Protein chains: 2
Amino acid sequence: MPARKAINLKMLSESLGLSQTTVSRALNGFPEVAEKTRARVVEAAARLNYRPSPSAASLATGKSRMIGHVVSLSEHIMINPHFADFIAGAGEVYGENGYDILLRLASLEEQERIYRDLVDDQRVDGVVVHGPLTGDSRIAILNALGLPFVVHGRSDEEGADYCWMDVNNRRAFHRATNFLLDLGHQRIALINGLETMNFADRRRQGYEAALKEAGIAPDTRLMHSSDMVEPYGYHAMRTLMELAEPPTAIVVASVLPAMGVTRALADLGLRAGEDVSVIAFDDCLSFLQSGCRSGFGGRVPDIPYFTAVRSSIREAGKRVAQMLLDRIDNPHGPLQSELWEADFVIGQTTAPPRRR
Amino acid sequence: MPARKAINLKMLSESLGLSQTTVSRALNGFPEVAEKTRARVVEAAARLNYRPSPSAASLATGKSRMIGHVVSLSEHIMINPHFADFIAGAGEVYGENGYDILLRLASLEEQERIYRDLVDDQRVDGVVVHGPLTGDSRIAILNALGLPFVVHGRSDEEGADYCWMDVNNRRAFHRATNFLLDLGHQRIALINGLETMNFADRRRQGYEAALKEAGIAPDTRLMHSSDMVEPYGYHAMRTLMELAEPPTAIVVASVLPAMGVTRALADLGLRAGEDVSVIAFDDCLSFLQSGCRSGFGGRVPDIPYFTAVRSSIREAGKRVAQMLLDRIDNPHGPLQSELWEADFVIGQTTAPPRRR
DNA sequence: AACGAAATTCAAAGCGCTTTGGATATGTGC
DNA sequence: GCACATATCCAAAGCGCTTTGAATTTCGTT
């Protein structure tokens with residue numbers, strides 16, 4: 001076991017017969033230190049298990065090597081599994097680069113103050129914005145504060161003055177809807193996320209556009225919008241099936257409500273993919289493993305259950321993290337943005353409409 | 001809008017005509033400062049929006065006002081929704097007490113080194129241990145390091161030398177199994193979590209004890225153990241139903257695999273609560289809202305879907321956080337521990353066995 | 001051999017807070 | 001009115017790092 005008691009710069013430099021300046025520069029890769037001495041310093045630092053104190057470094061430089069994730073914790077939306085998977089991806093990248101996550105829970109209203117405090121306190125070197133609304137006020141605030149940030153998703157239509165990474169939600173839902181139309185469905189319902197969220201808004205646009213292109217007028221009775229939890233899917237589906245003319249196909253914003261949909265159908269003695277077609281947006285949530293290898297004894301289901309538009313939120317977390325670190329390294333570079341296309345995978349929950 | 005540019009102790013004390021010492025003490029509630037001056041100081045601090053620099057304070061005191069959560073990120077177990085809900089509860093308590101969460105992802109093998117580094121770096125004032133194994137090595141390490149910590153769950157049988165908060169998993173599964181026995185079931189399967197995890201081990205003990213008390217020998221063909229994800233429940237259930245004598249009832253370690261169970265049954269044209277009884281352990285995961293009010297238009301389902309043993313993991317997060325903060329305030333006080341009993345709720349998935 | 005440039009190294013001044021050991025003002029008992 | 005205790009307040013020394021400005025070496029040139 002290496003030496004236990006913590007060692008500091010002073011001790012290390014004394015043991016080397018060098019000044020603190022030189023040792024500090026040697027470790028931080030400054031050019032003005034001879035390679036020979038640098039090697040000596042690095043070796044000694046490793047041998048003595050020297051670790052610079054983060055708070056001292058932070059005090060001296062103003063950098064904290066922390067990334068802030070402030071997630072809203074309102075009555076409805078708890079910290080949710082989508083977020084958990086996102087952070088799993090992001091955390092991986094942070095770890096590889098010596099950054100840590102500072103996690104703070106707060107209602108949306110508090111977030112403005114929190115961002116201010118985070119920069120005043122120099123607690124974080126950057127933040128990622130989760131769940132952007134259409135016209136989200138956080139973006140202007142962060143720009144005004146000059147804190148590096150990346151938005152997971154988008155807030156505005158055009159001329160964005162911020163970094164973002166998003167999935168092409170509009171096209172994904174357009175495509176899903178088209179697929180159902182091609183199968184012959186005419187009454188297609190939408191069980192969407194909360195449409196104050198920008199991503200849900202775009203999804204709806206894609207859905208409506210596809211319908212209109214097929215000459216079908218969107219019917220508000222077929223459209224629901226709420227937090228993407230399982231019981232929402234259940235109740236929305238029950239409601240839809242009570243209509244005089246129930247839908248023959250449904251597009252659902254997440255596998256979570258999609259499971260509720262399945263359960264509702266089962267309660268009615270119906271089956272997804274036989275009586276009603278279902279397409280879900282699949283974020284590749286790890287605990288559902290819908291897209292990935294199943295952990296169960298090597299038995300890999302080749303055909304996924306849900307027909308889905310799919311994009312891994314975990315991969316998105318990785319990419320957003322990388323973009324943020326890039327921006328922190330180069331805060332005045334051009335604003336990056338990235339738009340990913342979702343995959344389309346055919347599962348067991350879609351079929352032509354039942355003949356009546 | 002209050003003054004923008006950050007203000008520091010020196011400026012604040014000068015503007016008050018007091019020394020930094022006095023101002024610092026006034027703000028930190030030391031007794032040797034006159035009430036009158038304290039009031040002045042507090043007022044000025046608020047007015048000028050003074051916020052002490054965390055890194056400076058941390059450097060001076062060695063305290064960081066951060067709580068470490070290091071969660072394992074192995075191939076199998078991703079950061080999971082159980083963790084997300086736990087952290088939602090804990091984060092609430094931290095926030096109320098001016099603490100922040102430091103989140104770090106790491107494999108179990110790395111965790112020993114990480115704990116060392118965290119104390120060497122003085123990055124956190126305490127940590128919570130997630131997912132304790134039976135005989136978990138992390139506990140001895142943390143004790144040796146002298147870092148305050150609380151275990152969510154337990155690691156050992158008796159004579160624990162650490163703080164913990166756990167649910168009575170053994171009794172919960174004993175009770176669930178008994179309930180099924182009382183309904184007349186004889187072949188009862190167990191779809192358990194990973195039994196290297198201590199909680200899963202205890203659950204199995206409860207299950208087996210109940211069977212034995214009823215004079216039934218546990219049958220390993222009826223017992224599965226793996227990560228608690230949806231497809232696991234699905235495949236385990238399919239496997240069980242292929243047995244010559246399939247079970248008539250199942251106890252499942254989480255609602256996630258329980259949903260997989262339901263889906264498997266549906267595939268077989270069977271229904272939970274009619275053809276096969278299912279009891280799940282319900283952690284009150286927020287995105288399932290199985291126990292809570294449904295957010296869907298006020299339509300509150302009074303009868304939950306799954307019959308379940310239930311204990312809110314979010315509440316557990318709150319409690320563990322509070323226990324940890326208490327311990328940080330009083331590191332040498334007696335070791336606290338707490339054992340919660342799970343609720344038992346009857347839903348729609350249990351019934352007497354089908355007569356054949 | 002001497003000189004200016006380039007390459008290294010260093011002493012010391014912060015960064016913004018807490019805390020020790022005094023100093024000063026206030027109050028007490030006789 | 002004086003010695004002493006008590007209540008307030010303060011100057012200065014860290015905490016461990018980075019960074020400025022200067023000092024010292026080293027080296028190629030003429």
Side-chain angles (χ1 to χ4, degrees), chain A residues 3 5-42 44-45 48-66 98 117-125, chain B residues 3 5-42 44-45 48-66 98 117-125:
Chain A
K5 210 68 228 94
I7 187 181
N8 62 21
L9 221 212
K10 187 162 168 221
M11 300 160 75
L12 176 59
S13 57
E14 279 169 0
S15 91
L16 278 164
L18 288 171
S19 74
Q20 298 191 35
T21 310
T22 305
V23 175
S24 170
R25 300 201 135 144
L27 293 174
N28 292 324
F30 280 63
E32 63 265 62
V33 41
E35 266 326 311
K36 204 170 55 178
T37 27
R38 185 194 308 279
R40 260 179 72 212
V41 170
V42 167
L48 300 176
N49 192 33
Y50 167 71
R51 331 194 77 240
S53 149
S55 35
S58 171
L59 181 57
T61 61
K63 299 299 180 186
S64 64
R65 295 201 81 82
M66 295 225 123
D117 292 352
L118 285 177
V119 334
D120 281 356
D121 294 355
Q122 297 185 133
R123 279 221 122 165
V124 299
D125 297 341
Chain B
K5 210 67 228 95
I7 188 181
N8 63 21
L9 221 210
K10 188 163 169 220
M11 299 160 77
L12 176 60
S13 57
E14 278 169 0
S15 91
L16 279 163
L18 288 171
S19 75
Q20 298 191 33
T21 310
T22 303
V23 174
S24 170
R25 299 200 135 143
L27 293 174
N28 292 323
F30 280 62
E32 61 266 63
V33 41
E35 264 328 310
K36 204 171 52 179
T37 27
R38 185 195 307 279
R40 258 180 73 213
V41 171
V42 167
L48 300 175
N49 192 32
Y50 167 71
R51 330 194 77 239
S53 147
S55 36
S58 172
L59 181 58
T61 61
K63 298 303 182 183
S64 64
R65 294 201 82 83
M66 296 226 120
D117 292 352
L118 285 177
V119 335
D120 280 356
D121 294 354
Q122 297 185 133
R123 278 221 125 166
V124 299
D125 296 342

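Every chain is numbered from 1, with letters handed out A, B, ... down the list of sequences. Just so it is clear, the model here is predicted, and its values are computed rather than measured.
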For [N], does OP1 or OP2 lie under 4.0 Å from any side-chain N or O of [X]?
| X | N | value |
| --- | --- | --- |
| A/S19 | C/dT9 | no |
| A/N8 | D/dC15 | no |
| B/T22 | D/dC10 | yes |

Starting at atom [atom1] of [X], determine the distance to atom [atom2] of [N], rounded to an integer number of angstrom.
| X | N | atom1 | atom2 | value |
| --- | --- | --- | --- | --- |
| A/L9 | D/dC15 | CG | P | 13 Å |
| A/L27 | D/dC17 | CG | P | 10 Å |
| B/N28 | C/dG16 | CG | P | 17 Å |
| B/R38 | D/dA7 | CZ | C1' | 13 Å |
| A/Q20 | C/dA11 | CD | P | 10 Å |
| A/E14 | C/dA11 | CD | P | 11 Å |
| B/R65 | C/dC17 | CZ | P | 15 Å |
| A/L59 | C/dT18 | CG | C1' | 12 Å |

**Prompt:** How do B/R25 and B/A57 order along DNA chain C: which one's closest nucleotide is nearer the 5' end?
**Reply:** B/A57
**Request:** Just do the side chain to side chain contact (heavy atoms under 4.5 Å, CB included) check on B/L27 and B/V41 with the steps written out, would you?
**Result:** CA-CA 7 Å; B/L27 293 174; B/V41 171; 3.8 Å; yes
Quick one: which of [options] gets closest to the side chain of [X]?
| X | options | value |
| --- | --- | --- |
| A/F30 | D/dC17, C/dC17, D/dT19 | D/dT19 |
| A/S24 | D/dT19, C/dC17, C/dC15 | D/dT19 |
| A/E32 | C/dG16, D/dC17, C/dT8 | C/dT8 |
| A/A34 | D/dC17, C/dT18, C/dT9 | C/dT9 |

**Request:** With DNA chain D as reference, determine whether B/V23 or B/Q122 sits nearer its 5' end, using the nearest nucleotide of each.
**Result:** B/V23
**Message:** Any carboxylate oxygen within less than 4.0 angstrom of a Lys/Arg side-chain nitrogen, looking at A/R51 and B/D121?
**Reply:** yes
**Prompt:** Any side-chain donor-acceptor pair under 3.5 Å between B/S58 and B/S55?
**Reply:** no
**Message:** With no hydrogens and no angle check, just 3.5 Å: does a side-chain donor-acceptor pair link B/S19 and B/T22?
**Reply:** yes
**A/Y50 side, atom OH; A/L12 side, atom CG - distance, nearest 0.5 Å** = 6.5 Å
**Message:** By the 4.0 Å heavy-atom rule, please label B/T21 as base, sugar-phosphate, or nothing.
**Reply:** base
**Asked** Which is true for A/T37 with a 4.0 Å heavy-atom rule: it touches a base, it touches only sugar-phosphate, or it touches nothing?
**Response** sugar-phosphate
